[in-house]
Amino acid sequence: MRKILLTGFSPFAAETTNPSWDAVVALDGAIVDGAIIVSLQLPCEFDRSLQVLEQAIQQHQPELVLSLGQAGGRVDVTVERVAINVNDARIPDNAGQQPIDTAVIEHGPVGYFSSLPIKAIVEALHEQGIPASVSHTAGTYVCNHVFYGLMHLLPQYPTVKRAGFVHVPYAPKQAAAHPGMASMAVTTMTKAIRLIIETSLHTAHDIHVSGGITH
Ligand code: PCA
């Protein structure tokens, strides 16, 4: 059976949950367009996150890999455009590592673009009333590390036709502990992920609309 690999992260920093995982695990075993979803939790750790991800790609040979992470403070679902070859951690990861200005992959290219139809995804989410936008930075912490490492791996795994990364805001219970921060219900995130998968499976060529920002 065709497979889709969905990943979310373990909680990190002072959080006890990570909405990226809570939203992703809800879809484990779901069938979308005849493909079955395999949900996988990645540790919020440099290096080991990528080892766990590669092992799952080897095992499942998915046709689509969609990784998600929490971006506390963002106001909507952000579809990442680009991963960069930089680790620069603001805080230590869950294993206590805090790389500063190192490469994700020594001598790798500066960056990789998502191969998801990012504009069509944002449009599909808006049509269903879900706040979303294109993001031009996945940061320089473990999420960007996984996104870059994922895109770098793909030539070795030709069954994977498309891959990319999406950040989600805090869940409401997290935002309650961070006054002033935006949040989104995890059930809305799960609905968004299903739409992102459907759009990625159905859209051969991305649409030509602006996703640019000037700030
Ligand atoms: N968010 C972090 C790492 C794990 C996660 O969920 C990030 O944006 O890098």
Side-chain angles (χ1 to χ4, degrees), residues 5-28 39-54 56 65-105 108 111-114 116 118 131-153 163-175 177-178 181-190 192-193 196:
L5 183 62
L6 260 189
T7 75
F9 278 99
S10 59
F12 67 104
E15 304 297 327
T16 54
T17 57
N18 189 322
S20 69
W21 173 243
D22 295 341
V24 154
V25 74
L27 288 169
D28 190 34
S39 298
L40 171 75
Q41 189 184 78
L42 300 180
C44 184
E45 293 175 33
F46 288 94
D47 302 326
R48 205 163 74 80
S49 49
L50 276 176
Q51 291 160 11
V52 173
L53 178 62
E54 182 167 13
V65 182
L66 175 63
S67 290
L68 291 105
Q70 162 196 311
R74 287 199 184 170
V75 300
D76 56 4
V77 172
T78 47
V79 186
E80 299 296 346
R81 184 194 287 265
V82 60
I84 61 172
N85 194 13
V86 173
N87 300 314
D88 189 356
R90 185 178 53 84
I91 52 171
D93 68 10
N94 287 359
Q97 278 201 83
Q98 189 175 7
I100 295 175
D101 295 350
T102 63
V104 180
I105 306 285
Y112 286 108
F113 288 120
S114 171
L116 302 181
I118 59 174
S133 57
V134 170
S135 162
H136 305 91
T137 175
T140 53
Y141 193 51
V142 183
C143 287
N144 173 75
H145 178 87
V146 159
F147 183 18
Y148 184 95
L150 167 63
M151 301 315 290
H152 187 78
L153 278 174
F165 198 98
V166 171
H167 268 114
V168 292
Y170 280 137
K173 66 182 172 191
Q174 294 175 293
H178 299 285
M181 291 283 187
S183 67
M184 181 180 280
V186 172
T187 50
T188 305
M189 296 178 192
T190 300
I193 296 166
I196 293 168

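In this chain, numbering begins with 1 at the start of the sequence shown. When a ligand or atom number is given, it counts from 1 through the structure's own listing order. Atoms considered below: every heavy atom in the structure, side chains included; atoms not considered: hydrogens, waters and symmetry mates.
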Quick note on ligand 1: atoms under 4.0 Å from a heavy atom of Phe12 include exactly 1 (N), 2 (C), 4 (C), 5 (C), 6 (O)

Quick look: Phe9 vs ligand 1, heavy-atom contacts under 4.0 Å, and the answer is side chain

Of Ile118, Thr78, Val79, the one forming a side-chain contact (heavy atoms from CB on, under 4.5 Å) with Ser135 is Thr78

Any Pro169 side-chain heavy atom under 4.5 Å of Met189 side chain: yes

re atom 1 (N) of ligand 1, the protein heavy-atom contact at minimum distance is Gln70 O, 2.9 Å

Side-chain heavy atoms of Val52 within contact of Arg48, under 4.5 Å | yes

Item checked: Any Val77 side-chain heavy atom under 4.5 Å of Met184 side chain -> yes

The answer for which part of His145 has a heavy atom under 4.0 Å from ligand 1 is neither

Ligand 1 atoms nearer than 4.0 angstrom to some heavy atom of Asn18 are 5 (C), 6 (O)

Between Phe9 and Ser67, is any pair of side-chain heavy atoms under 4.5 Å apart? no

Would you kindly say whether Gln70 and Gln174 are connected by a side-chain donor-acceptor distance under 3.5 Å? yes

In ligand 1, the atoms that come under 4.0 Å of a heavy atom of Cys44 are 3 (C), 4 (C)

min-distance protein heavy atom vs atom 7 (C) of ligand 1 -> Cys143 SG, 2.8 Å

> Side chains of Tyr170 and Glu15: closer than 4.5 Å at any heavy-atom pair?
Replying inline: yes

If we number the atoms of ligand 1 from 1 as shown, the ones under 4.0 Å from a heavy atom of His167 are 7 (C), 8 (O)

Taking only non-hydrogen atoms of Gly69 and a 4.0 Å limit, the atoms of ligand 1 in range are 6 (O)

